[in-house]
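Hydrogens, waters and symmetry mates are skipped; everything else that's a heavy atom, side chains included, is used. Residue numbers start from 1 in every chain, and the chains themselves are labelled A, B, ... in the order their sequence lines are given, proteins ahead of strands.
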4 protein chains.
Amino acid sequence: MIASISNRATRHQITDVLESPFPLVSRQVSSRRTIVDVSGVKIGGLNIVVMAGPCSVESREQLLPTAHAVKAAGATILRGGAYKPRTSPYDFQGLGVEALRLLKEAREITGLPVVTEVMDTEDVDTIVDYADMLQVGARNMQNFALLRRLARVNRPILLKRGPSATIKEWLLAAEYLLAGGNENVVLCERGIKTFETETRNTLDLASVARIQELSHLPVIVDPSHATGRRSLVPAASRAAIAVGADGLIIEVHPDPDHALSDGPQSLDIQGFADLMQTIQRPLRRV
Amino acid sequence: MIASISNRATRHQITDVLESPFPLVSRQVSSRRTIVDVSGVKIGGLNIVVMAGPCSVESREQLLPTAHAVKAAGATILRGGAYKPRTSPYDFQGLGVEALRLLKEAREITGLPVVTEVMDTEDVDTIVDYADMLQVGARNMQNFALLRRLARVNRPILLKRGPSATIKEWLLAAEYLLAGGNENVVLCERGIKTFETETRNTLDLASVARIQELSHLPVIVDPSHATGRRSLVPAASRAAIAVGADGLIIEVHPDPDHALSDGPQSLDIQGFADLMQTIQRPLRRV
Amino acid sequence: MIASISNRATRHQITDVLESPFPLVSRQVSSRRTIVDVSGVKIGGLNIVVMAGPCSVESREQLLPTAHAVKAAGATILRGGAYKPRTSPYDFQGLGVEALRLLKEAREITGLPVVTEVMDTEDVDTIVDYADMLQVGARNMQNFALLRRLARVNRPILLKRGPSATIKEWLLAAEYLLAGGNENVVLCERGIKTFETETRNTLDLASVARIQELSHLPVIVDPSHATGRRSLVPAASRAAIAVGADGLIIEVHPDPDHALSDGPQSLDIQGFADLMQTIQRPLRRV
Amino acid sequence: MIASISNRATRHQITDVLESPFPLVSRQVSSRRTIVDVSGVKIGGLNIVVMAGPCSVESREQLLPTAHAVKAAGATILRGGAYKPRTSPYDFQGLGVEALRLLKEAREITGLPVVTEVMDTEDVDTIVDYADMLQVGARNMQNFALLRRLARVNRPILLKRGPSATIKEWLLAAEYLLAGGNENVVLCERGIKTFETETRNTLDLASVARIQELSHLPVIVDPSHATGRRSLVPAASRAAIAVGADGLIIEVHPDPDHALSDGPQSLDIQGFADLMQTIQRPLRRV
C-alpha cells in the first residue's frame, strides 16, 4: 500500500494552514493522487479496476464458477458478501465465516484479491484474516465506531457513500480513516436516495468528478446498487468510466433469478462478459 | 417493562397469517398499544413523557444543574450524550465512561431515569451498567449488528429514525429488536433529510400519525434535531403533541452558546421551563 | 383587503437598507402581521380560517350539499377546482367555466367566499369574475408569467408551496406578487416531495413556524395533499393549528370513493364535521 | 419533422390494448425510435447533437460572437434565453422580443436553428415567429396549460425535466404534447433536486438510459444546470454521451464572470471548444 501523504503534520498544524474541513483527504494536502494497492491491484492510477462477484456468497457451487468467470472477463478483484446488511431481519443475512472461507478459497484458486463488507467492530479481526480489502457499506458510512476501528487495520478500505450522505459528509467519513492512520481508502459512489422510484437509487456521477476536484483519493462506482436494474448496469458503467471513475464494482451471479439477494440488479455471467467487451480495452481512466 | 405480545407465535406462523413485512411491530399482532416502562416512567400510555438534557455531557457543573432544572420544569427522563456520533473526526466526541458516571450521579440525585446513545456493540455492556434506556442514533438505525446486540439487552431501546429512512425501513429496524427478543422499543421521529436548508432536517409529523396506524409501539418526537433552531422548538413540540406523539426529547443546555455540540438547537433552562408551561398540563396524549 | 405595507419605498431603496432577498414579504419591512381579507373573511388574525370543499367541482348535486355541509361544520371559505392540474392528460381535467358557475351559485346560496385554482394567464380574467380568491397550485409556484399576471389582479392570492420549493424560493415567489402590486397573499404549506412513500408528500410543519419568523404573510396548511390519506387528515390538522398556522384547507367530498380526483385524501361530510369538533372552538391561533 | 407514430389509433383504443400510463410516448406504440427534425438538424439518430449558447441573450455583442464560436466548435443548434424564469423578481428577466430578434439575426448569419424557452401561453405565437424549437423549462414541466398550447404548435418541443419530477411524471408531461398532436418532442435531463449542495442539482444519468427503455423519444442532457459548476461540465458531458444521450445542451458565454445569469456554470468560448475536442468525433451515439 502506498502512503499518499508523507511527513504528515499533526491535525492542528494542518488545519491552521489549510482551512479544509477534511484536511487529510483534501487535495490541498497532496498534489499527487493516491494509489491504493489491494494485494497488487492498484486503484487510482491509469487503469480502471473492475471488482465483480455475487452480492452474497451462497455456496461453493455459486462462488467458484463466478470467480473464474469474472476473472476471465477482465475483473481483477473479487467481491462477495459474507455479512449482509438487510433491511428486514427475515431476509438472508449471509453465511458469515463460512462465506469468508469460500472467498479465501476462490482467492487461492483464481489469484483475485477479495473485498468483503464488515458490519461490526467485533468482526474486524476475523475478516482481516480472510480479505484483502474491507468494505464499509452505505448504511454504515457514519458508523463512527466502525470507522475508528478500521483506521487501525492493515487493510485498504472501500468506503461506500451513504444513501443520504452529502459529498462533504462522505469525505469527512474518509477523514476518520485517514486521521486514525489508514491512508488506503477508496471511495465508492453507489447512488443516493431521492424521490425517484424507477431506479433503486439515483446514481450521482457528477459527485465522482467533484470528489476528484476535492480529494486525492480514488473513487469507483457501483452501478448495480445505483440503478437496481440489470438492464441499466452496462450504460451506467460506461458513463462512470467516461466521467472519470477509477473503477467499477459490479454484482454478478450465475443465476440471478434465484439469487438470495439483489437478483434484479445482478448481471449473469454472459451479461458481465458482454459488458466488459463494450468498455474500451485496456481499461484506462479518461 | 411490559410485554406487549404474549404467547407470541413463531415468526413463520405469524407471517403466514399476517402478511405484514414487520409482523411483530405491526398492529395486526396486537390490538393493545405497547407501554414501555423506563425504570418506572411509562411511555405509550395517556401521559406525554418529556426527556430533556444536554446534547453532550460536558462536566458535572453542566450536567447536574441541568438535570435539576429539567426535572423542576416537568421532564421525567434525563438525556445526555456520552458517546457522540460526529460528522467530523475533529469535533468533540464525548466524554465516554466519565459521562456515564456523571449521568449515574445525576440519576441518583434527581431520581430521573437516564437515556444515552450507544454507538458500538463493544460499548453495550458498559452502558447497560449506567443507563435506564439505550438510544440508537439516527445514523445507526440500520447498523444491524448493533440492533441484533440490543435485541438481547435487558433495557428499553429508543430507536431514532434514520435521516433517509422510510417509515417501512424504520419499522423493519424495530422488527430486528423485537424479533431478537427485546419488545421494549420506543420510536423517535427526528426529521428527515430533504432539499430544504432553512431547517436542519424536515420534521415529518405525519409519520407519527402513520406509525400509530401501522404499529403498536410508542413514538416520540425530537424537535431539537428536527429543526436545528432553538426558536422553532416550542412550536414543533406543541405540534408533536397535537399530532399524537407519546413524548418529546429536547436538548437543554445551561449555556447553549458555549455548548460543545448542538448549541444552536438547544434551549436554555429558562427557555425549556417556558416551553413546558405552554404545553397543556398534565401532559396527556391527544 | 388590508394593505400591509404603506408608503412602500421602491425596491432599490428597500434592499439597500434591508438586505433581505425578499424585502417586501420579509418581516423586516413590517412589524405588523398582514391580515388578508377574502370578501370579509380575515386570514392572519386571531381566528383560524378553515377552507373546505371538493378537490374538483363535479356537478351541482355534488357541490351544493358539500357547500352547505362544510359551512354548517364551521368552514368559512369554500374551495373547489374548476381547472385541474393533472399529472396525466387522460385524467379528469375539470369542468372549467361550468364549475365556476356552480361555485358562484354555491357562494350566493351559502354566503361562503370561493377560492379556486388558476392555471393559466389566459384564464385569469374569467376566474376573477367568479372567485373571491385565486389559488396558485403547487406545480405553478414558479410559473413566473402567471405570478406577474396575478400581481395585477384585484383578488387575494393563495400561493401553494411547490413540491420541491425551499422556503426561500417560496417567499421569492410571493415577492413576485408583492413587487407587482398585490399585497394580499396567503401562503399554503401542502407537503414537499421526499423519498417517503407512505404519505403522498411530506408535511413540513416546521416551515410554517419558520415562515412566521421570516415573513409577515399569513400561512395555512393543506393536510389533504400533504398526507394523501384521509385517515391522517385530522391529526395533521390539529398539528397544523398547534404549530401556529393561520388556517387549513381541506378536501371534502360527499362520496370520496367515487370522487373524480383525490378521493383517497378527501374526508366525507361526517368526517369533516367530526374533525371540526376535535379542533378547539372558537378556532384561535396558538 | 418526422412523425414517429403513423396511423395512430385513438387514445381509448390504445390504452385498452397497451395498459401504459403514457401510451403515446411509450415504446410499446412504436418499435422505431423517434427522430425529431429541428429545421434540418435531426435529433435521435446516430449523431449526437450539441446545442450551445448563452443562458440569456444580453446583447448583439454578446450573442453573435458566441453563435459563431459555438458553430465553429461543432454545435449545430443555438440556444439563448429571451424570457427567463428567475427565482427572484429582482434578477434579470430577459430581453424578451429584443432577444428574439437577435436570435433570429444570429440564425440568419450562422445558419444554426434556434431553441429558446417559452414561459407563457400568451407568448407562444410571438416566439414561434422567431425560433425553430421551443423549450419548456424545468419549472414549467407541469404547466399543463402551456403543454396543451404547445401541443398545437408547429414546432418541435424541448421538454426539460422538472427539478422534482419522477421519470413517470416527465413522460406524462410529454404525453400531454403527443396526445394534443405534437409528436416532435425531445426530452432533456437537467438534474433533480436533492439534499446534495456541492452541485446545483443532481445529474440523473441513469434516467437517460431508463427513458430509452420506456420511450421512443430522444433525450438529451444539460450538464450546465445539472452541475452548476463550469469545471464539472466536460466530465458530465462525456458521461452523458457514454450513457447514450442523443445530445447535449450547454451554456456558453464569452465572459462568464460578467454574465447576467448562470455565469458560474457557463463555459467560455475556449472552454467549449476544448470540450468539443475531447468528445469523440464525429459525435455518434454509443
Asker: Highest number of heavy-atom pairs under 4.5 Å with chain A: which of B:G162, B:A165, B:A173, B:S164?
Answerer: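 Top option by heavy-atom pairs under 4.5 Å: B:S164.
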Asker: Which atom pair, heavy atoms only, marks the closest approach of A:Y176 to B:S88?
Answerer: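 Where A:Y176 meets B:S88 most closely, the heavy atoms are OH-O, 3.3 Å.
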Asker: Do B:K193 and A:T166 have side-chain heavy atoms sitting under 4.5 Å apart?
Answerer: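 They are in side-chain contact.
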Asker: Do A:E169 and B:R139 have side chains that approach each other closer than 4.5 Å (heavy atoms only, starting at C-beta)?
Answerer: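 No, side chains not in contact.
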Asker: Which one wins on heavy-atom pair count under 4.5 Å against chain B: A:K168, A:R149, A:M119?
Answerer: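 Heavy-atom pairs under 4.5 Å are most numerous for A:M119.
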Asker: Who wins among A:L171, A:N140, A:L172 for the most heavy-atom pairs under 4.5 Å with chain B?
Answerer: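 Of the options given, most contacts go to A:L172.
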Asker: Select one option (side chain, backbone, both, neither) describing which atoms of B:R86 are under 4.5 Å from chain A's heavy atoms.
Answerer: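 Both backbone and side chain of B:R86 come within 4.5 Å of chain A.
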Asker: Over all heavy atoms of both residues, which pair between B:P23 and A:Y90 is shortest? Give the atoms and the distance, please.
Answerer: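 Nearest pair, atom of B:P23 first, then A:Y90: CD-CE1, 3.6 Å.
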Asker: When rounded to the nearest 0.5 angstrom, what is the spacing between CZ in A:F144 and OG1 in B:T87?
Answerer: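 Rounded to the nearest 0.5 Å, the CZ-OG1 separation comes to 5.0 Å.
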Asker: Is chain A contacted by the side chain of B:P85, its backbone, both, or neither, given a heavy-atom distance below 4.5 Å?
Answerer: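 Answer is both: backbone and side chain atoms of B:P85 are under 4.5 Å from chain A.
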Asker: Any idea which of B:N143, B:D123, B:L146 has the most non-hydrogen atom pairs under 4.5 angstrom with chain A?
Answerer: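 So the answer, after comparing B:N143, B:D123, B:L146, is B:N143.
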